[in-house]
Number of protein chains: 2
Amino acid sequence: MTMDSPPLGLRERKKRAVRANLSAIALRHALERGVSQVRIEEIAAEADVSPRTFNNYFPSKEAAIIDSATMRAERLCELLAAQPGELSLHEALSAALMTLFEDEPDRDWISRARLIRAEPSLFAEAAKADLDIEQAVALEIGRRAGVDGATCLAPRLAAATVVAAIHAAVAFWLDANDGTLREAIGEAMSQFRIADIAPGGA
Amino acid sequence: MTMDSPPLGLRERKKRAVRANLSAIALRHALERGVSQVRIEEIAAEADVSPRTFNNYFPSKEAAIIDSATMRAERLCELLAAQPGELSLHEALSAALMTLFEDEPDRDWISRARLIRAEPSLFAEAAKADLDIEQAVALEIGRRAGVDGATCLAPRLAAATVVAAIHAAVAFWLDANDGTLREAIGEAMSQFRIADIAPGGA
DNA sequence: CACAATTTTGCGTGTCACGCAATATTACTG
DNA sequence: CAGTAATATTGCGTGACACGCAAAATTGTG
């Protein structure tokens, strides 16, 4: 799609650095004091930035904490598209997820995931982001099967259940402290089936 | 559990009336002007109540609009528990949902559902409520299968996928304007399978 | 170096969540 | 039918926040 990776101007690099910095500080504050005690003013001060600038990057502190916590939907879509067409939908999704969760998450990701599950305001913010992910996955599933992923029920259902399965697996793994996340994802995918999508369907 | 249904004092009746009234006014304002233009002050004035009292019932206008939009988890749990034990988990869930969605939703429910999907702030608020629903369903599924619905993966996965399927079906039905919601739910449930849960599993 | 584009910043405004204490309403008891 | 305890409503004040707007600073370009 848009691949301007190499020519990344100073401008864009600085913006991304500021954004990542603000997000990291926000997460740390939230872990140390609790989300409700996080103050935008303090985050901005620590990042050497005006408070107004914070709200220039994020509409709320929750958004800052969540930022970059969402697994990238584009990556999942790419992996799904890369699976051989002979595989059933369920097999292709499983294989894509096994690749997506190839490397175990780092400490920041884990503590952030725990925090999101513990704090309703963060959970709500994350749900908004997951909606976009789900739609993107539905579109890719639809493309793969030759149907409209935006309107037909089947691809949307498949996307919704897969995202739900990932959530359940992550939540289980966070609670269980046992085995790898990859294994939890795999076990989840093995415990339900998604019907293949027939292109000729109504 | 707690069954004080008949002896419902004046106090409780008034509270419920005020709550329902505030919620209805909030929904109407949101439909007419958009959520961002809803003012707590106006809702309170129309309900002949102090603005402070509004925040006594709801922590935000979004919560007021959402209130009573969530399908009742207790009802789904009851219906699930009422299904004969010979049925597989998937069959029992399907049957329970068919009963739960026996009567088609009214106009208020539909317009609210549309609004929730269109407005991210409402979607986020609804997601919080759905989390509770999911946990309750997981507990009931676990009880039915004789495993711990709070810790084991299987019941949580089943609950998550079922809730996701309901969401997908509702969203599809709202877009399609074709057939009944009941049919959409049934079609969704027929397009994926949930593994039965073995009580002896680790 | 000058000039255009973009970003940062400060300021003001309207909205909101919530603690607290005073007041009003409801429930209960002799 | 009081009188009293429990609970709900209300007004007020405070801290925080989202966001529009325009001036100032920073970056990209010829």
Side-chain angles (χ1 to χ4, degrees), chain A residues 4-23 25-27 29-30 32-67 119-125 128-129, chain B residues 2 4-23 25-27 29-30 32-67 119-125 128:
Chain A
D4 46 358
S5 312
L8 211 48
L10 210 184
R11 225 172 194 122
E12 194 60 22
R13 264 182 293 142
K14 259 199 165 181
K15 281 196 70 167
R16 296 196 186 191
V18 171
R19 185 186 183 92
N21 193 24
L22 286 173
S23 177
I25 297 173
L27 173 61
H29 282 204
E32 290 172 353
R33 319 175 193 175
V35 176
S36 70
Q37 297 306 314
V38 173
R39 295 289 162 258
I40 290 180
E41 193 180 358
E42 302 181 22
I43 300 175
E46 193 169 329
D48 269 308
V49 149
S50 153
R52 182 66 182 83
T53 297
F54 177 93
N55 272 319
N56 214 339
Y57 281 87
F58 302 105
S60 68
K61 52 185 171 186
E62 285 83 6
I65 300 171
I66 290 302
D67 193 59
E119 295 270 1
S121 65
L122 294 184
F123 183 83
E125 191 67 28
K128 286 195 285 184
Chain B
T2 62
D4 45 359
S5 313
L8 211 49
L10 211 184
R11 223 172 194 123
E12 194 60 22
R13 263 182 294 142
K14 259 197 167 182
K15 281 196 70 166
R16 296 195 186 190
V18 171
R19 184 185 183 91
N21 194 24
L22 286 173
S23 176
I25 297 173
L27 173 61
H29 283 204
E32 290 172 352
R33 319 173 191 174
V35 177
S36 70
Q37 297 306 313
V38 173
R39 294 289 162 260
I40 290 180
E41 192 180 359
E42 302 182 23
I43 300 176
E46 194 169 329
D48 269 308
V49 150
S50 152
R52 183 63 182 84
T53 297
F54 177 93
N55 272 320
N56 214 340
Y57 281 87
F58 303 104
S60 69
K61 53 185 171 188
E62 285 82 7
I65 299 171
I66 290 302
D67 192 60
E119 296 269 1
S121 65
L122 295 184
F123 183 83
E125 191 67 28
K128 287 196 284 183

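- Protein atom CD of A:Gln37 is 9 Å distant from nucleotide atom P of D:dA16, rounded to whole Å.
- OP1 and OP2 of D:dT9 both lie 4.0 Å or more from every side-chain N or O belonging to B:Ser50.
- Annotation: the span from A:Phe58 atom CZ to A:Ser23 atom OG amounts to 5.0 Å, rounded to 0.5 Å.
- Between the CD1 atom of A:Ile65 and the P atom of D:dC17 there is a distance of 11 Å, given to the nearest Å.
- For D:dT27, one of the phosphate oxygens OP1 or OP2 lies less than 4.0 angstrom from a side-chain nitrogen or oxygen of A:Lys14.
- No hydrogens or angles were tested; on distance alone, a donor-acceptor pair under 3.5 Å links the side chain of A:Arg11 to the base of D:dT27.
- Contact annotation for B:Val18: no contact, since no heavy-atom pair falls under 4.0 Å across all strands.
- Residue A:Ala63 comes nearest to A:Glu125 through the heavy atom pair CB-OE2, 3.8 Å, listed as atom of the first residue, atom of the second, then distance.
- Between the P atom of C:dC11 and the CD atom of A:Glu41 lies a distance of 13 Å, rounded to the nearest Å.
- Atom CD1 of A:Ile40 and atom C1' of C:dC16 are 14 Å apart (whole Å).
- No hydrogens or angles were tested; on distance alone, nothing pairs the side chain of A:Arg39 with the base of D:dG15 as donor and acceptor under 3.5 Å.
- Note: CZ (A:Phe54) to P (C:dC11) measures 20 Å, nearest angstrom.
- Taking for each of B:Ser36 and A:Asn56 the nucleotide of DNA chain C with the nearest heavy atom, the 5'-most of the two is the partner of A:Asn56.
- For the pair B:Glu12 CD and C:dC28 P, the interatomic distance rounds to 13 Å; values are reported in whole Å.
- Looking only at side-chain heavy atoms (C-beta outward), A:Lys15 and A:Arg19 stay at 4.5 Å or farther from each other.
- Using a 4.0 Å heavy-atom distance criterion, A:Tyr57 is classed as a sugar-phosphate-only contact.
- When side chains are defined from C-beta on, A:Lys61 does not count as touching A:His29, because their heavy atoms never get closer than 4.5 Å.
- Between the side chain of A:Arg52 and the base of D:dG20 there is at least one donor-acceptor pair of N/O atoms closer than 3.5 Å.
- A salt bridge between B:Lys128 and B:Glu62 is absent, with no side-chain N of the basic residue lying under 4.0 Å from a carboxylate O of the acidic one.
- Close to D:dC19, at under 4.0 Å from its OP1 or OP2, lies no side-chain N or O of A:Asn55.
- The nearest whole Å value for the distance from the CD atom in A:Glu125 to the C1' atom in D:dA18 is 13 Å.
- Look at NZ on A:Lys61: it is 15 Å from P on D:dG15, rounded to the nearest Å.
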